[in-house]
Amino acid sequence: MKFHVLTLFPEMVLSGLRSSIIGRAAEKKLIAIDAVNIRDYTKERHGKVDDYPYGGGAGMLMQAQPVYDAWQAVTGGRKLRTVYLTPQGEPFTQKTAARLAGEEELVLICGHYEGIDERVLEETVTDFISIGDYVLTGGELAAMVVIDAVSRLVPGVLSNDASAETESFYNDLLEYPQYSRPEVWREKKVPDVLLSGDHRKIAAWRLEQSKERTRRIRPDLYEKYMDKERLICRLSKAKRENIHMIESLHRGKGEILYADEENVLLYDPGCRLCMISAKNREMGQKLLLLIPKDTVLFVTSQSFLNELICSGFSCEVYHECVQVCYPQRQSLPVRHKDIRLLGPEDAEYVITHYHMGEPEYIRERIQSRAMYGAFVEGELKGFVGSHDEGSMGMLFVEDSCRERGIGASLEAYNINRICERGFTPYAHIIVGNDVSLSLQRKLGLYASSGTIWWLGKKE
Ligand code: ADE
């Protein structure tokens with residue numbers, strides 16, 4: 001991911017992001033930070049970039065021309081998402097960070113003095129972002145905050161453990177208290193449960209602590225968490241039909257845009273995916289008014305919604321699927337022994353054999369540690385993975401290795417890894433793919449009674 005920062009103080013931005021995790025990510029070329037000096041683009045003598053505001057008032061304003069020319073030089077006419085950092089912007093949250101992390105390039109404009117001429121903002125800016133209700137001397141620190149929060153979501157930037165944490169069960173809640181050695185410090189003892197070795201008890205204790213802390217310190221977040229829990233509870237009455245929404249909420253990916261007893265609209269900003277369920281056409285129409293403009297994918301389980309979405313968003317139906325899920329969460333036997341996590345060196349093999357995803361998507365899935373391979377005598381012969389929204393898929397086994405239980409082993413291996421993280425494995429099987437459906441049934445997965453549709457925006 002590439003960040004272009006338009007600023008009067010490039011060194012401030014670059015020096016602040018040179019160290020630690022972000023610095024290493026830049027060295028590894030997982031991210032790139034390009035700081036552009038707005039002053040280099042002024043046409044005024046002596047490098048002047050500011051002037052008095054029309055109508056009077058305190059302070060100076062950055063002029064439109066140098067900002068616009070710097071922006072033009074960076075974008076070269078491309079439509080890049082452009083953020084202006086300002087206390088007048090929308091509050092910056094983890095959800096905003098997830099949304100921005102979906103971009104390949106991002107332009108960040110840092111204001112100074114009393115701000116920037118409104119006309120250039122109108123011409124260039126797509127998002128106005130504030131990092132809090134206070135006023136800084138310029139946008140640089142805010143841009144650095146945004147770059148840090150977005151970069152840690154770029155696959156490969158965080159260590160393995162930490163990246164799993166970003167989609168952990170504790171999403172939407174504040175972190176539980178943590179302890180390290182020694183066991184007793186200034187007569188304060190580490191809570192007994194953490195020394196018990198009982199992982200279920202530890203997880204339950206941590207969840208309770210997180211809930212209690214959130215309720216006390218951030219009642220607003222706690223309310224949101226409870227809304228999600230209530231919706232999960234309601235959707236669980238038809239678990240097989242709603243598993244995609246339940247797991248999206250459970251894994252902290254889906255936001256509730258609307259929910260009542262009979263209607264639901266969820267949005268996964270990382271995948272730019274809307275999941276919709278409505279009791280009738282009229283409610284469907286109402287929900288469609290709430291769909292974020294950057295949505296590119298839709299999942300519905302009612303055919304009347306397909307028509308509405310297709311006509312309202314110029315979409316087409318990609319797939320009709322049966323949902324399968326594995327709610328019992330018991331570990332499955334894996335017969336084939338040589339199954340391993342795939343690395344970047346395996347990407348070409350997967351790209352050659354899997355034709356339902358762009359090469360970039362497959363590389364991202366591997367980078368996100370979401371794909372496993374089956375090796376026979378040391379050679380990669382098949383693979384399986386999880387999609388970015390959470391469902392399992394991408395199963396492939398070479399013809400020469402079929403009928404040896406490798407496909408079932410790959411599936412079982414993937415299922416076990418998902419269960420270990422406390423999630424319910426689920427998949428979408430295209431209607432008519434009876435071979436896959438019978439494999440899922442043999443493994444113990446249950447199929448939904450109805451079907452669901454995937455729709456996407458036409459190019
Ligand atoms: N520029 C000055 N103050 C700011 C803030 N709070 N957020 C974003 N940009 C800013």
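- Q328 places a side-chain heavy atom less than 4.5 Å from the side chain of Y446.
- A donor-acceptor contact under 3.5 angstrom links the side chains of T86 and Q88, judged on distance only.
- Taking the six-membered ring where tryptophan is involved, the planes of H428 and H244 are perpendicular, since the angle between them exceeds 60° and thus also 30°.
- Expressed to the nearest 0.5 Å, how far CG of L153 lies from CD of Q94 amounts to 5.5 Å.
- Without hydrogens or angle criteria, R365 side chain to S386 main chain gives a donor-acceptor distance under 3.5 Å.
- Looking only at side-chain heavy atoms (C-beta outward), Y258 and M283 come within less than 4.5 Å of each other.
- T295 places no side-chain N or O within 3.5 Å of a backbone atom of L297 that could act as its donor or acceptor partner.
- Between the R81 side chain and the T126 main chain, no donor and acceptor come within less than 3.5 Å of each other.
- The distance from atom CD1 of I38 to atom OG1 of T7, rounded to the nearest 0.5 Å, is 6.0 Å.
- Between E241 and the options S277, S448, S449, a side chain to side chain donor-acceptor pair (under 3.5 Å) holds for only S449.
- Annotation for D133: atom CG does not count as buried by contact number, only 12 or fewer foreign heavy atoms lying within 6.0 Å.
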task: Show your working on salt bridge (Lys or Arg N to Asp or Glu O under 4.0 Å) between D69 and K43 and close with a plain yes or no.
output: CA-CA 10 Å; D69 288 359; K43 293 192 172 121; 3.2 Å; yes
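- Here the SG-CG distance, from C325 to N242, works out to 10.0 Å after rounding to the nearest 0.5 Å.
- Taken from CD1 in I429 to CD in Q323, the straight-line distance is 10.0 Å, to the nearest 0.5 Å.
- Remark: Q178 CD is packed, more than 12 non-hydrogen atoms of other residues, nucleotides or ligands lying under 6.0 Å away.
- The aromatic rings of H112 and F9 are tilted relative to each other, their planes meeting at an angle between 30° and 60°.
- Both the sub-6.0 Å distance and the 45° axial angle are satisfied by R417 relative to the ring of Y413.
- Side-chain atoms of Y361 come within 3.5 Å of backbone N or O of D388 as a donor-acceptor pair.
- For K286, the NZ atom counts as loosely surrounded, since its 6.0 Å shell holds 12 or fewer non-hydrogen atoms of other residues, nucleotides or ligands.
- With hydrogens and angles left out, the side-chain atoms of Y267 and D294 include a donor and acceptor closer than 3.5 Å.
- One N or O on the side chain of D346 and one on the backbone of G343 form a donor-acceptor pair closer than 3.5 Å.
- A donor-acceptor contact shorter than 3.5 Å is absent between the side chain of E247 and the backbone of F423.
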